Amino acid sequence: MRFRFCGDLDCPDWVLAEISTLAKISSVKMKLLCAQVLKDLLGEGIDYDKVAKLTSDAKFESGDIKASVAVLSFIFSSAAKHDVDSESLSSELQQLGLPKEHTTGLCRSYEDKHSALQDKLRETSLRLGHLEAVSWRVDYTLSSSELREVNEPVVQLKLQAQGAESGSTETTVVSVPANKFRVLLAELKQAQTMMNALQ
């Protein structure tokens with residue numbers, strides 16, 4: 001069977017297995033657990049002590065707690081990614097065996113944070129490093145014992161970029177002869193014109 005919150009694909013087996021685990025906690029605690037998971041997905045962090053207390057009466061072990069958080073994260077992020085409305089999500093989760101009271105709490109939490117979650121997913125998906133600074137200088141060699149033609153200007157480009165994954169700044173220095181720099185500049189201007197046309 002295909003589910004919209006899974007991108008019109010079959011539901012993964014591990015999600016099916018963990019839905020029965022989620023059914024063991026009360027619907028009130030399920031809603032509080034959903035709030036913690038949504039906070040984590042929105043970048044506010046998760047309070048694992050609070051999560052442990054919420055699941056203590058169901059006698060969850062640490063593996064069950066982690067699995068519950070993982071399955072809720074998957075459900076919320078996947079539903080937001082595929083822009084599934086809360087009614088459809090509720091219906092699909094009930095088809096998978098999650099009790100109606102649980103789906104009601106889960107879907108209310110999802111509906112409240114739906115747009116914020118989509119914005120956060122847009123912000124963090126397809127992250128590329130970005131250019132922080134560019135500096136340049138033109139070197140013009142007047143005479144050299146190693147070169148035949150000396151009156152050739154060379155452009156020194158220093159690029160500082162922040163890596164997408166690491167977040168650290170990397171510096172790259174490039175020496176480009178004048179003729180190749182003209183080609184580079186023309187192609188960069190052409191790329192900028194194309195990008196501006198897309199906006």
Side-chain angles (χ1 to χ4, degrees), residues 1-130 163-167 194-195 197-199:
M1 194 166 187
R2 299 181 185 281
F3 296 93
R4 282 185 59 207
F5 85 95
C6 294
D8 288 323
L9 298 171
D10 288 338
C11 185
D13 291 338
W14 71 271
V15 173
L16 288 171
E18 296 313 323
I19 281 180
S20 62
T21 307
L22 287 176
K24 293 177 186 171
I25 60 175
S26 71
S27 57
V28 173
K29 291 196 175 175
M30 171 75 160
K31 187 167 182 177
L32 295 170
L33 182 60
C34 289
Q36 286 297 316
V37 171
L38 282 166
K39 273 178 61 178
D40 188 41
L41 288 172
L42 294 171
E44 298 168 25
I46 190 168
D47 185 348
Y48 283 105
D49 293 333
K50 205 171 198 176
V51 171
K53 285 178 190 170
L54 289 172
T55 55
S56 62
D57 61 341
K59 297 188 172 94
F60 277 16
E61 296 174 13
S62 69
D64 293 330
I65 295 170
K66 289 176 186 175
S68 299
V69 169
V71 77
L72 286 172
S73 294
F74 173 80
I75 290 168
F76 288 134
S77 59
S78 188
K81 182 170 80 173
H82 298 294
D83 198 24
V84 178
D85 60 285
S86 61
E87 286 180 26
S88 299
L89 182 62
S90 175
S91 169
E92 290 183 353
L93 290 173
Q94 285 177 52
Q95 289 174 34
L96 292 171
L98 195 63
K100 185 172 176 40
E101 309 80 49
H102 288 61
T103 57
T104 304
L106 185 148
C107 290
R108 275 202 195 117
S109 300
Y110 169 71
E111 198 170 1
D112 292 344
K113 301 288 184 181
H114 180 250
S115 59
L117 189 55
Q118 283 189 319
D119 292 342
K120 185 67 177 177
L121 290 172
R122 260 188 224 102
E123 182 186 308
T124 55
S125 66
L126 293 174
R127 289 189 324 185
L128 301 172
H130 65 275
E165 297 300 318
S166 64
M194 291 170 75
M195 287 171 65
L198 292 173
Q199 292 180 350

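Treat the numbers as computed from the prediction; the structure is a model and nothing was measured.
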A.B. asks: To the nearest 0.5 angstrom, please state how far the CG atom of L98 sits from the CG atom of L89.
C.D. replies: 9.5 Å
A.B. asks: So, using side-chain contact (heavy atoms from CB on, under 4.5 Å) as the criterion, who are the partners of C34 when residues are at least two apart?
C.D. replies: M30, L72, F76, L106, S109
A.B. asks: Under 3.5 Å, side-chain donor or acceptor atoms of residues 6-13 against the rest of the protein: list the pairs with distances, not counting sequence neighbours.
C.D. replies:
unit_1: D10; atom_1: OD1; unit_2: M1; atom_2: N; d: 3.3

A.B. asks: Could you report the tightest heavy-atom contact between T21 and F60, atom names first, then the distance?
C.D. replies: O-CZ, 3.2 Å
A.B. asks: For a side chain to side chain contact (heavy atoms under 4.5 Å, CB included) with I25, tell me which candidate from L32, L33, D64 qualifies.
C.D. replies: L33
A.B. asks: Can you confirm whether K100 sits close enough to T104 that some side-chain heavy atom of one is under 4.5 Å from a side-chain heavy atom of the other?
C.D. replies: yes
A.B. asks: In a check of side chain to side chain contact (heavy atoms under 4.5 Å, CB included) between I75 and each of V37, V84, L93, which one passes?
C.D. replies: L93
A.B. asks: Apply ring-ring contact (aromatic ring centres under 6.0 Å, His included) to F74 and list each qualifying residue two or more places apart in sequence or on a separate chain.
C.D. replies: W14
A.B. asks: Among all residues two or more places apart in sequence or in another chain, which pass the salt bridge (charged side-chain N to carboxylate O under 4.0 Å, His left out) test with E123?
C.D. replies: K120
A.B. asks: With sequence neighbours excluded, what pairs up with E92 under the side chain to side chain donor-acceptor pair (under 3.5 Å) test?
C.D. replies: none
A.B. asks: Give the minimum heavy-atom separation between A67 and E18, together with the two atoms involved.
C.D. replies: CB-OE1, 3.2 Å
A.B. asks: For D119, enumerate each residue passing the salt bridge (charged side-chain N to carboxylate O under 4.0 Å, His left out) test, keeping only those at least two apart in sequence or located in another chain.
C.D. replies: R122
A.B. asks: Could you list the residues that satisfy side-chain contact (heavy atoms from CB on, under 4.5 Å) with S56, not counting sequence neighbours?
C.D. replies: none
A.B. asks: Where do K31 and G105 come nearest, in terms of heavy atoms and distance?
C.D. replies: CG-O, 4.0 Å
A.B. asks: Distance-only criterion, 3.5 Å: show the donor-acceptor pairs between side-chain atoms of residues 41-55 and protein atoms not counting sequence neighbours.
C.D. replies:
unit_1: D47; atom_1: OD1; unit_2: D49; atom_2: N; d: 3.2
unit_1: D47; atom_1: OD1; unit_2: K50; atom_2: N; d: 3.3
unit_1: T55; atom_1: OG1; unit_2: V51; atom_2: O; d: 3.0
unit_1: T55; atom_1: OG1; unit_2: A52; atom_2: O; d: 3.3

A.B. asks: So, S86 and E111: side-chain donor and acceptor under 3.5 Å apart, yes or no?
C.D. replies: yes
A.B. asks: Can you see which heavy atom on A80 is nearest to which on L121, and at what distance?
C.D. replies: CB-CD1, 3.8 Å
A.B. asks: Listed by chain and number, what are the salt bridge (charged side-chain N to carboxylate O under 4.0 Å, His left out) partners of R108, not counting sequence neighbours?
C.D. replies: none
A.B. asks: If you look only at pairs with a residue in residues 73-85, which of them pass as a side-chain hydrogen bond (donor to acceptor under 3.5 Å, both in side chains), with sequence neighbours excluded?
C.D. replies: R4-D85, D83-H114, D83-Q118, D85-S88
A.B. asks: Quick one: salt bridge (charged side-chain N to carboxylate O under 4.0 Å, His left out) partners of K29, sequence neighbours excluded?
C.D. replies: D57
A.B. asks: Is it true that the side chains of S90 and Q94 contain a donor and an acceptor less than 3.5 Å apart?
C.D. replies: yes
